[in-house]
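Here is the structure we will look at, set down as structure tokens.
What's counted below: heavy atoms across the whole structure, side chains too, no hydrogens, waters or symmetry copies. Order of the sequence lines sets the chain letters (A, B, ...), proteins ahead of strands, with each chain counted from 1.
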Amino acid sequence: MKYFQPNFSHIYVERGALDYPLSQIALKKFSKSKVIEVDHYKDIFNRTGQDFQVQKKSMKLILAKKTEPFLYPASEMVQEFGTPNVYYNTPILNCLYNCDYCFLQGMYSSGNMVVFVNESDFMDAIKIKMASLNLTLDPMVVSISYNTDIMAMENIIPMASRWIDFVKTQKKLLIEIRTKSALFSLIKKMIPHENVLLSWTLSPEKIAEEFESTAPPFNSRLKSAKEAVEAGWAVRLCFDPIILFDGWFEIYSQFLHEVFREINPSKVRDVTLGVFRMNKDFYKRIKKREPTSTLFYDNYEIKDGVVSIGKKERTESLEKLEELLSEYLPKSKILIWK
Amino acid sequence: MQCILSALKAESDPLINFFKLKKDDSYSFPFYKKNDLCLIGIGVGKNKIEKRIFTFLNDYNSRSLQFINIGIAGGKINNSEKGEIYLINKIKDENSNENYFPDLIVNSNLLEHSTITVDKAIVDGGGDYNCLVDMEASEIYKVCLKRVLVHQISFLKIVSDYMDEDVTSISKKKINSLINEKLPEIDTFLKKYKNLQEFKSSILGNVDLVWISRARSELNLTETQYHQLLSFSRGYRLKNPNKKFEDNMILKVYSKTERNKNFKNICEILSA
């Protein structure tokens with residue numbers, strides 16, 4: 001018996017968001033969904049007394065119009081690619097997936113998803129910012145998939161492809177689309193652009209099954225990443241978070257071997273490495289709700305507002321992995337959150 | 001536990017009979033119960049809701065408690081049907097203009113509608129009202145939300161009239177009949193809704209909690225140590241669903257130093 005409503009059984013639409021093309025696409029896609037009008041997306045998304053994990057059993061879609069700010073400076077927990085002009089934006093709040101280690105469950109009180117349909121306002125904000133920056137040496141980098149997985153939504157709301165089209169009109173803009181999706185096929189027909197960085201988060205099968213059970217399995221993600229590399233896209237591979245457990249090094253060694261057996265490492269733009277880490281307030285908020293993932297019951301240290309594995313163990317583990325990775329790629333291509 | 005909230009005796013009676021609920025006279029208001037299901041008569045309008053629900057909560061407070069408001073409502077001839085039952089997806093309080101949105105997680109197959117909660121019965125045909133009209137929903141939502149989460153509050157409304165009859169003037173027989181007709185749907189909804197309760201079950205079982213309580217008192221743990229122990233114990237239980245918390249982990253200690261040493265040892269075992 002199916003106990004829960006399917007995802008997006010209900011679509012909440014802000015009055016002012018209804019006529020936007022992205023709203024119309026979503027409403028057409030889910031023509032059987034119940035549409036409920038709201039004054040403001042926060043009336044539903046920021047309600048008190050929500051349970052993130054219960055709502056994840058039947059996510060609702062909220063279509064809204066974002067107001068400023070449209071752009072934020074990147075968090076220190078993100079590898080910054082050696083450029084000072086790194087930003088992120090939030091065209092979507094929350095993710096189709098629900099990985100155990102994800103900070104979104106601590107950031108948002110709701111498990112539902114908000115799609116901001118006024119995409120041109122986001123794009124205009126980038127243009128304005130670019131005009132104020134000195135971009136003679138470095139481009140402006142914008143992560144458009146920071147609080148979501150925009151590619152995972154591509155068959156629902158084709159935002160990734162629209163952002164790629166936008167980048168093609170901007171010379172000094174690089175966007176990063178980080179994903180765990182297996183939907184590369186949906187943008188496969190587009191001509192690759194050097195200023196679009198497609199980043200796949202990959203984890204060993206054991207980790208993917210235990211901590212990323214709602215995301216596509218490792219093999220599907222690897223296949224998508226491989227197709228992107230072979231089609232000529234700039235691809236970053238994110239081995240992040242690395243989860244440490246008994247026998248982790250052997251599992252990760254085997255995993256990296258599998259990855260680079262499929263994907264030619266010389267064709268990968270770079271890779272990122274990092275262990276499980278989280279803003280301490282998000283972590284505390286999640287712990288308060290008694291999460292059922294074992295991840296939240298390990299020994300961590302809190303430093304500078306970040307919860308993570310102790311510095312010594314973290315550094316040793318990441319150095320071991322860096323050594324291992326350097327068999328495939330030069331160290332200059334390995335970005336590490338230490 | 002599931003707790004039905006209904007305003008009128010004529011609404012409650014069919015539910016009490018169907019679910020074979022027994023009156024509990026220890027309350028000063030209508031209260032009926034059988035096993036994991038109970039019913040509170042909350043009276044018509046907003047006035048008595050908070051006091052009655054909070055009195056009940058003094059005795060029955062649990063993480064998995066669910067409140068279900070079941071009652072009649074006025075409908076609109078062009079968008080609702082007399083005798084039909086609706087799951088409420090939006091509640092507007094006419095007084096404050098505030099909107100409330102119940103979570104709609106359970107696959108109920110019921111039709112849905114929004115409702116507006118008014119202070120006085122609408123008997124003039126409803127004029128500009130385009131949704132159902134009731135007299136309790138917004139207050140129930142606000143009161144219950146002080147103690148439970150959004151997904152633990154649901155509203156089922158059966159259309160009794162097209163806003164042309166005062167709720168107090170609708171015959172008892174008619175209301176009984178409206179509720180009786182929809183008992184199978186109500187029963188199915190309650191059963192499906194109950195499935196959500198399992199998501200609030202605690203990681204630690206009663207036996208685990210007894211062991212933790214023993215460790216706390218015998219080792220005279222500080223508040224911080226107690227919370228750390230709870231956390232490590234949850235991790236241990238998740239990793240070892242069938243293992244016991246061994247009694248011999250807790251030693252007889254005679255000083256804070258010994259206590260701290262034993263505590264550290266326990267944490268290491270639990271987090272291994």
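At a threshold of 4.0 Å, the pair A:K320-A:E316 does not count as salt-bridged, since none of the basic side-chain nitrogens sits closer than that to a carboxylate oxygen. Between B:K142 and B:E98 there is no salt bridge, since no side-chain nitrogen of the basic residue lies less than 4.0 Å from a carboxylate oxygen of the acidic one. Between A:R285 and A:D281 there is no salt bridge, since no side-chain N of the basic residue sits under 4.0 Å from a carboxylate O of the acidic one. A salt bridge is defined here as a Lys NZ or Arg NE, NH1 or NH2 lying under 4.0 Å from an Asp or Glu carboxylate O, and A:D19 with A:K65 fails to meet this definition. Using a cutoff of 4.0 Å between basic side-chain nitrogens and carboxylate oxygens, B:E223 and B:R216 are scored as salt-bridged.
Looking at B:I203, the atoms closer than 4.5 Å to chain A (heavy atoms on both sides) sit in the backbone and in the side chain alike. Both the backbone and the side chain of A:T48 come within contact range of chain B, each with at least one heavy atom under 4.5 Å from a heavy atom of that chain. Looking at A:Q53, there are no atoms closer than 4.5 Å to chain B (heavy atoms on both sides), in backbone or side chain.
A salt bridge (Lys or Arg N to Asp or Glu O under 4.0 Å) with B:D103 is found for exactly one of A:K56, A:R47, A:K60, namely A:R47. Considering A:Y101, A:Y283, A:F282 in turn, A:Y283 is the only one that fulfils the ring-ring contact (aromatic ring centres under 6.0 Å, His included) rule with A:F296.
Of the listed residues (A:K57, A:Q50, A:M59, A:K287), the greatest number of heavy-atom pairs within a distance under 4.5 Å of chain B belongs to A:K57. No other option in B:Y100, B:Y193, B:F232 has as many heavy-atom pairs under 4.5 Å with chain A as B:F232.
Here NE2 of B:H151 is found 12.5 Å from OG of A:S58. Values are rounded to the nearest 0.5 Å. Here B:L183 contributes atom CG and B:F18 contributes atom CZ; the two are 5.5 Å apart, rounded to the nearest 0.5 Å. For the atom pair CG of A:L273 and CZ of A:F239, the computed distance is 7.5 Å after rounding to the nearest 0.5 Å. Atom CD1 of A:I309 is separated from atom CG of A:L244 by 4.0 Å, given to the nearest 0.5 angstrom.
One side chain, B:E94 or B:Y129, offers a donor N or O that lies under 3.5 Å from an acceptor on the other. One side chain, A:Q55 or A:S110, offers a donor N or O that lies under 3.5 Å from an acceptor on the other.
When all heavy atoms of A:H10 and A:S33 are compared, the pair lying nearest together is N-CB, 4.4 Å. Counting all heavy atoms, side chain and backbone alike, B:F19 lies closest to B:L190 at CZ-CD1, 3.6 Å. Pairing each heavy atom of B:G75 with each of B:L132, the nearest pair is CA-CD2, 3.9 Å.
Seen from the ring of A:Y97, A:K180 does not count as a face-on cation partner, given the 6.0 Å and 45° thresholds.
Under the 4.5 Å side-chain criterion, counting only non-hydrogen atoms from C-beta, A:P91 is not in contact with A:T148. Side-chain atoms of A:N94 and A:N112, non-hydrogen and from C-beta on, never get closer than 4.5 Å to each other.
Heavy-atom proximity under 4.5 angstrom to chain B picks out A:I36, A:E37, A:V38, A:D39, A:D43, A:I44 from residues 35-44 of chain A. Residues of residues 76-91 of chain B lying within less than 4.5 angstrom of chain A, judged on heavy atoms, are B:N89, B:K90 in numerical order. The contact list for residues 234-247 of chain B toward chain A, using heavy atoms and a distance under 4.5 Å, reads B:R234, B:G235, B:L238, B:K239 by residue number. The contact list for residues 203-214 of chain A toward chain B, using heavy atoms and a distance under 4.5 Å, is empty.
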